[in-house]
Number of protein chains: 2
Amino acid sequence: MAKLAVPPLLSLRHFLVLSIALNVSLILRTVYYESEKGSKGFCLNKKMMADADSDREGHLIHKSRLAMSSTSSLVNSTRADHPGGRETVINLDHGDPTIYERFWRQVGDKTTIIIPGWQSLSYFSDGSNICWFLETEFAREVVRLHKVVGNAVTEGRHIVVGTGSSQLILAALYALSSPDAAEPISVVSAAPYYSSYPSMADYQKSGLYKWAGDAENFDKEGPYIELVTSPNNPDGHRRKAMVNRSQGQFIHDLAYYWPQYTPISSPSDHDLTLFTVSKTTGHAGMRIGWAIVKDKEVAKKMTKFIEISTIGVSKDSQLRAAKVLKAVSDSCEQENSQDGESFFTHSYNIMAQRWKQLRAVVEAGDLFTLPQFSPAFCTFFGQETEPQPAFIWLKCEGDIEDCESLLREHKIVARSGRHFGASPKYVRISMLDTDETFIQLIDRLSAIQQGK
Amino acid sequence: MAKLAVPPLLSLRHFLVLSIALNVSLILRTVYYESEKGSKGFCLNKKMMADADSDREGHLIHKSRLAMSSTSSLVNSTRADHPGGRETVINLDHGDPTIYERFWRQVGDKTTIIIPGWQSLSYFSDGSNICWFLETEFAREVVRLHKVVGNAVTEGRHIVVGTGSSQLILAALYALSSPDAAEPISVVSAAPYYSSYPSMADYQKSGLYKWAGDAENFDKEGPYIELVTSPNNPDGHRRKAMVNRSQGQFIHDLAYYWPQYTPISSPSDHDLTLFTVSKTTGHAGMRIGWAIVKDKEVAKKMTKFIEISTIGVSKDSQLRAAKVLKAVSDSCEQENSQDGESFFTHSYNIMAQRWKQLRAVVEAGDLFTLPQFSPAFCTFFGQETEPQPAFIWLKCEGDIEDCESLLREHKIVARSGRHFGASPKYVRISMLDTDETFIQLIDRLSAIQQGK
C-alpha cells in the first residue's frame, strides 16, 4: 500500500494554518449572528430538567414551588423613598399586564420569533378550516395549553382566533343575534360588570343587539345574551350565569381563568368561551384572543364577522403567540424543584406576594376594604390556592363617596365603580403593572391610610 | 529578553489541537444558529450599490429598469402542459397578493424580523400620540415611503393604524357619522364598487350609517359619505368623487395608488385617505393598513373605534410592516442599473408582463374584452407608464349573460359583476396570484377562446 510522503512538520503547519483560517471564518460568522440578534435576545443556558411530578390527569403538581417566592427583588425594594417619589402620576386605570416582563426576559431566546420577509403573505392560513385565517400552530398550542392547565375542554370544539378577545366578544354578539329579529337582542351582565361591555354593545348603534344593563335587574321576556365573566372583572369573584331563562344564550369570558389568578376547579365546558393571550401570558401588544365554540354555525358566523371587519387576524402575532404558549406548556411540563419554575408558578408567586403586601397595607387602617375570597383546591397546582385577582376592587369606607377622586388627589389613576354599574365608593386598580408602579401604589395607599 | 523555550513541534501540535477544538465549538454554534433559523431565512450576499439617479423632487428615475423584464421565468414557463393541468380549480375570487413572494425571497434577511418574547407586552405604543397604539417606527416608515414614492401628502396629518384597511373603512364610517343624527348617514360608491362595501356598511345593522348604493343614482338630500376608490377595485380606472354636494364627506381608498398599478400623477391630498400593506408590498397576512387624516377629531374618533373593537393593532405586525416598508424605500433609494432593482421596478415589470400576456390572449378572440387605459406620466418612474390593475375586469361579449358561470365551467373561480353593482356579463379576476396560477389562467382563457 502506497503511503503519502508528507513531511510531518509541514503537514502540521498546514493543518494549523487551515484550522486557524477556519477559526477566523467561524468567529466572523458567530459575530454576524450575534450582531444580527443584537440586544434583542439572550440565551438561557440553564436547561430546565423535565422531572416534574404529574398527577393522573396529566396536570402538574408543584407543591414545593408555590411556597418559594421569586419576588424577593420586589419585597426588598418596597420603600417610600424610591425614585420618582410621590409626585409622579401612576396610571392603573387599564389592566396593562407588564408584570410578566421579567419572566419573559429570563426565558430569553426560547420565545424569540424570527419571521422572514417572504412568510405569511397570503390572507389564508388553512382554507379547510371553518376559521380559514387560524394558524394551525397557534390552534395546536391553544389546545395543548388547555390540556396542560386543565381549564377548558377543547375536544370536538371549534377554535376561532380574534384580534384580542374584544373582537371575539363583538363576533359572538353578531353570531348569537339574528338579522331578522324584530328588535335588537338584549345583552346583559351582572354588576359589577366589565366596564367596556356597554360601549362595545352600543357604539355601533347596532340593530342586532343592545346593552340592557345589570343581569340581576333584567326582567324582559324573550331572547337575551348574558356575558358571564369568571373570575369577574372587576371584582375577581367566580361567576355563573345570573339570568336562567329558556331563551338565554351565553358568552363565557374566562380571560382570568388561569392558575395565577384563581384555583382551577375543573375544565370549563360552555357553548362559547373566550380567552386572551393578554391576560394568560401578558402579551397584550399581540392582540390575540381565542374562542372555543361548540356550535359549528356559531363558529362560522363569528368567522364571517372577523372576515368582514378585519379580513382575518395578524399571522405574525398568531405565530408569536404559538411560540409563547408553547413555552408556557413546556415550562409546566419541565418544571422541577431546582432549575426552573413554570410560568404559572412564577406568576402565582408574584401575585401572591403582591396580594399579601396589599392586604397588609389595607388592613392596617379602616379607610379601605377589599373583597374576601376563600381558598380552594387547584387541580393544576394540586393543592389549595388563594384567588388573587388581576384587579383590586377597592372600596372606600365611611363617608367617602367618590373613591376615584380620593385616589386621584394622591396621584393614583383608577377607574370608578360607576363604569362597572356599581357605586363610586368602589374603584378598580390594576395589579398587573410593573414592580416599580406597584410599589408606588402600596406606598401611596399606606400614606392615604396614615392621613399623610 | 527571556524567550519561552517551548519545543516547536509540540507547540504546533498543541495549537492545532486547540484550534481544532475551537473549530468544533464554533461549528456547533453555527449549526445551532442555523437550526434556530431553520428554513426561515437566508442571506442576500449581493449588496445593492446606492448610485440611483434622483430627480429634483427626490423621486427616483429608473428609466432603463422598466424596459428590462425580471419575469423571464414566467415567460419561459408559460405552457399548456404545466403540472396540475386543466383539472385543478384555480381560485382567483380574492385578491390574494402572493405575486410578490419571489421578490421577498430574493431580498432575504433584510426583511427578517426578530422579536424576543419580552417585547411589546403593553397595550400602549406611544401614549402621547392620538393613535396611542401606533408604533413610532411604523409611522416613520409610512411617512418616508410616501415621500419616496410621491403618492401622498403626510405633512401635518395624523396617521391612524388599523387591522388592515377594512378596519379603517369601518373606523372612518364611525368617525364621519353622528350618534345624534335622526337617521343613519347614507354611504355610497360609484358602480362598479368594491364588493365588500355594502356588507361592511350593513352587517352590524348600524344606526349610524347605511349603504345607499351606486353614487351615480344617489339623489337623497342631506349628509352622505362617499367611498372613492382610486384606482378602482374592480375595474382599475382612476376615480374622483361622483356626488359633489355640500354635505358630502369622503373616504379615499387608495389601496392601489402605487407605481406598479398606476402612474403616480401627484401626491394625494384628501381629508381621509386609506392605504394597506396588503396591496403595497403583498403582505396581506400582516393585516396592517393606515389612514392619513387631516382632522384631529376624526383621527380621535377613528382611534376610539379601534380601541373599542380591538384595543389597538398587533404590534408584531406593525414592527414587521415597518421593516418591510423600510426595505421598499431603501430599494428605491439604492436602485442601480447593475446590482438590484427596486421593489416597484420588480413589481411593475411583473405586472407589465402579465398584462401583456393577458391582452394577447384576450385580443386573439372576440369572446372577452378588457378595460382600456391610457398611459400617463409617472412622477415616480420619471416616464410614461401604463395602468396595470391588480384585477382583471373581464367582460363576456355576445350572448353570454353570466360570465362567472362560463369561467367556472372551465374551473376558474372569479367574482361576478353582480357583487360590484354591475352586470353579470362582467367578472373580477385577481392578477396578484402566483406565477403558476396566472399561467393556468392564461392557458384556460386561451382554451375558452378557442372553443376547447
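Letters go in sequence order (proteins before strands), and every chain restarts at 1. Side chains are part of it too, since the values below use all heavy atoms of this structure and drop only hydrogens, waters and symmetry mates.
- Within a 6.0 Å radius of NZ in Lys210(B), other residues, nucleotides and ligands contribute 12 heavy atoms or fewer.
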Under the side-chain contact (heavy atoms from CB on, under 4.5 Å) criterion, do Leu170(A) and Ser309(B) qualify, and how do the steps go? CA-CA 7 Å; Leu170(A) 295 169; Ser309(B) 53; 3.9 Å; yes
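- Of the inter-residue distances, the one linking Gln167(B) atom CD with Ile306(A) atom CD1 reads 11.5 Å to the nearest 0.5 angstrom.
- Annotation for Thr98(B) and Ser122(A): closest pair CG2-CB, 4.1 Å, computed over non-hydrogen atoms.
- When each of Gly282(B), Gly285(B), Ser166(B) is scored by its heavy-atom pairs under 4.5 Å with chain A, the top score falls to Gly285(B).
- Between Phe305(A) and Tyr203(B), the ring planes are tilted. Angles from 30° to 60° get that label.
- Across His283(A), Arg105(A), Glu101(A), Arg320(A), a single residue satisfies side-chain contact (heavy atoms from CB on, under 4.5 Å) together with Gln119(B), and that is Arg320(A).
- Both the backbone and the side chain of Leu208(B) come within contact range of chain A, with heavy atoms under 4.5 Å apart.
- Only the side chain of Ser278(B) comes within less than 4.5 Å of a heavy atom of chain A; its backbone N, CA, C and O stay farther away.
- Of the listed residues (Gly207(B), Ser125(B), Pro184(B)), the one with the most heavy-atom contacts under 4.5 Å to chain A is Gly207(B).
- Not one N or O on the side chain of Asp316(A) forms a donor-acceptor pair closer than 3.5 Å with the backbone of Asp316(B).
- Residue Val277(A): no heavy atom, backbone or side chain, is found under 4.5 Å from chain B.
- Taking every heavy atom of both residues into account, Tyr100(B) and Leu121(A) meet most closely at C-CD1, 4.3 Å.
- Partners of Glu307(A) according to the side chain to side chain contact (heavy atoms under 4.5 Å, CB included) rule, which considers only residues two or more places apart in sequence or in another chain, are Trp132(A), Lys304(A).
- Ile113(A) CD1 to Ile114(B) CD1: the interatomic distance, rounded to the nearest 0.5 Å, is 11.0 Å.
- Listed options Leu319(A), Asn91(A), Val324(A), Thr111(A) were ranked by heavy-atom pairs under 4.5 angstrom with chain B; first place goes to Thr111(A).
- Between Tyr123(A) and Pro97(B) the shortest side-chain heavy-atom distance falls below 4.5 Å.
- Every residue was checked against the salt bridge (Lys or Arg N to Asp or Glu O under 4.0 Å) condition with Arg287(A), not counting sequence neighbours, and none meets it.
- Top candidate by heavy-atom pairs under 4.5 Å with chain B, chosen from Met200(A), His94(A), Lys205(A), is Lys205(A).
- Here the CG-CD1 distance, from Asp96(B) to Ile311(A), works out to 10.0 Å after rounding to the nearest 0.5 Å.
- Between the side chain of Ser206(A) and the main chain of Gln204(B), a donor-acceptor pair closer than 3.5 Å is present.
- Within the model, atoms OG of Ser317(A) and CD1 of Ile115(B) stand 7.0 Å from one another, a figure rounded to the nearest 0.5 Å.
- Ranked by heavy-atom pairs under 4.5 Å with chain A, the first of Ile169(B), Val313(B), Ile308(B) is Ile308(B).
- With a 4.5 Å cut-off on non-hydrogen atoms, Ser196(B) does not touch chain A at all.
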